[in-house]
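Structure record follows, encoded as structure tokens.
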Amino acid sequence: MTIYNLGSINIDKVLRVPHFPAPGETLAALGYAEGLGGKGANQSVAAARAGAATVHLGAVGSNGGAMLRLLEADGIDLSHVARLDLATGMALIMVDGTGENSIVILHGANTAVPEHAVAEALAGAGPGDTLVLQNETNGQLPAAVAAREKGMRVVYSAAPFDAEAVAPLLPHVSVLLLNEVEAAQLSAATGKAVTELGVPHVVVTRGAAGAVLHDAAARTGTACPSPRVEPVDTTGAGDTFAGYLAASLDQGLGWDAALRRALAAAALSVTRPGASASIPAAEEVAQFLRRAG
Ligand code: RIB
């Protein structure tokens, strides 16, 4: 079936730094690179490299051509991406010697996605298709409502976390993806544990420790470990996980296999620099899983 992803497209401007600067400190960078990023674009690239038919919904400005060519190179359908008279989204990223990052985003065109374009794209979708969402665009709620009316699976990464954006979406979400910090923030905002949100499946990622799947119907919480790797750059690891997980569920894998595959893909992505550029292809993930046993 098809993955429809309403998501941001950013130009990532990445500085490698010896450490994150303190307020008032001026620091010399060790290197600079530009690449395709945005939580949405990264998730589309991950889903496409996992082998899923992927349609990206979003918007860029006139300086977004290079980013679109990179998405196109992965076979992603861009016919519903709006070209607007605004700046393309941008992210200023610092990555330190341990692979940790610090990110500032400028929304630009990402928060001006025309709602009619989303509705038009979803008109062709149906039961068995998947809608993927994050928090770097406008229009998530009407898209989620339309998708659920069509019987689609809705996979939502609640990042960057914003309690006001998350709460109204929850009744329409099939799979909610949170990291541990976001899970704690959501519990504080709603006064509920992640198991009490009314979402059928909640996956809490725990960085190098893997992920926990909370299955509301089965009333279970199952931990899935992550393969151990030496981190170079953790940027986009959560997006790699989300895109691979959505694609794997779409391809009919069970939860256990889908989580193992998504965690393996995310682990591989942190061993190299960049966001979209670091996302492994399906065959590489399969080999990595075979070696890990
Ligand atoms: O999740 C990583 C992404 O966050 C980066 O690619 C950056 O563009 C921001 O959206």
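Whatever order the structure lists ligands and atoms in, that order sets their numbers, starting from 1. We're numbering straight along the sequence, starting at 1.
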Checklist entry - Nearest heavy-atom pair of Ala189 and Ala163: which atoms, and what distance? => result CB-CB, 3.6 Å

Item to check | Over all atoms of both residues, closest heavy-atom pair of Ile105 and Ala91 | outcome: CG2-CB, 3.9 Å

Checklist entry - Got the closest protein heavy atom to atom 9 (C) of ligand 1, with its distance? => result Glu136 OE2, 3.7 Å

Item to check | Smallest separation among heavy atoms of Ala165 and Pro168, with atom names | outcome: O-CD, 3.5 Å

Checklist entry - What protein heavy atom sits nearest atom 7 (C) of ligand 1, and how far away is it? => result Asp12 OD1, 3.4 Å

Checklist entry - Is the shortest N/O to N/O distance between Asp239 and ligand 1 below 3.5 Å? => result yes

Checklist entry - With a 4.5 Å heavy-atom cut-off, do Leu178 and Gln185 have their side chains touching? => result no

Item to check | Those atoms of ligand 1 less than 4.0 Å from some heavy atom in Asn10 | outcome: 7 (C), 8 (O), 9 (C), 10 (O)

Next on the checklist: Taking distance alone, with N or O pairs closer than 3.5 Å, would you say Thr235 contacts ligand 1?
Outcome noted: no

Checklist outcome for this item: Atoms of ligand 1 under 4.0 Å from any heavy atom of Asn42, numbered from 1 in the order shown, are 2 (C), 3 (C), 5 (C), 6 (O)

Checklist entry - Does any non-hydrogen side-chain atom of Ser276 lie less than 4.5 Å from one of Met67? => result no

Checklist entry - Can you name the nearest heavy-atom pair linking Leu133 to Ala143, along with the distance? => result CD2-CB, 4.4 Å

Checklist entry - So which protein heavy atom does atom 4 (O) of ligand 1 come closest to, and at what separation? => result Lys39 NZ, 3.1 Å

Checklist outcome for this item: Heavy-atom closest pair (His56 atom, Ile9 atom, distance to 0.1 Å) is NE2-CG1, 3.5 Å

Checklist entry - Taking it one step at a time, do Arg291 and Glu284 satisfy salt bridge (Lys or Arg N to Asp or Glu O under 4.0 Å)? => result CA-CA 11 Å; Arg291 279 201 305 273; Glu284 194 183 354; over 6 Å; no

Item to check | Sub-4.0 Å atoms of ligand 1 with respect to non-hydrogen atoms of Ala91 | outcome: 7 (C), 8 (O)

Item to check | Numbered atoms and elements of ligand 1 in range of Ala275, under 4.0 angstrom, heavy atoms | outcome: 6 (O)

Item to check | Ligand-side contact atoms (ligand 1) for residue partner Gly37, heavy atom cut-off under 4.0 Å | outcome: 6 (O), 8 (O)

Checklist entry - Any N or O on Gly38 sitting closer than 3.5 Å to an N or O of ligand 1? => result yes

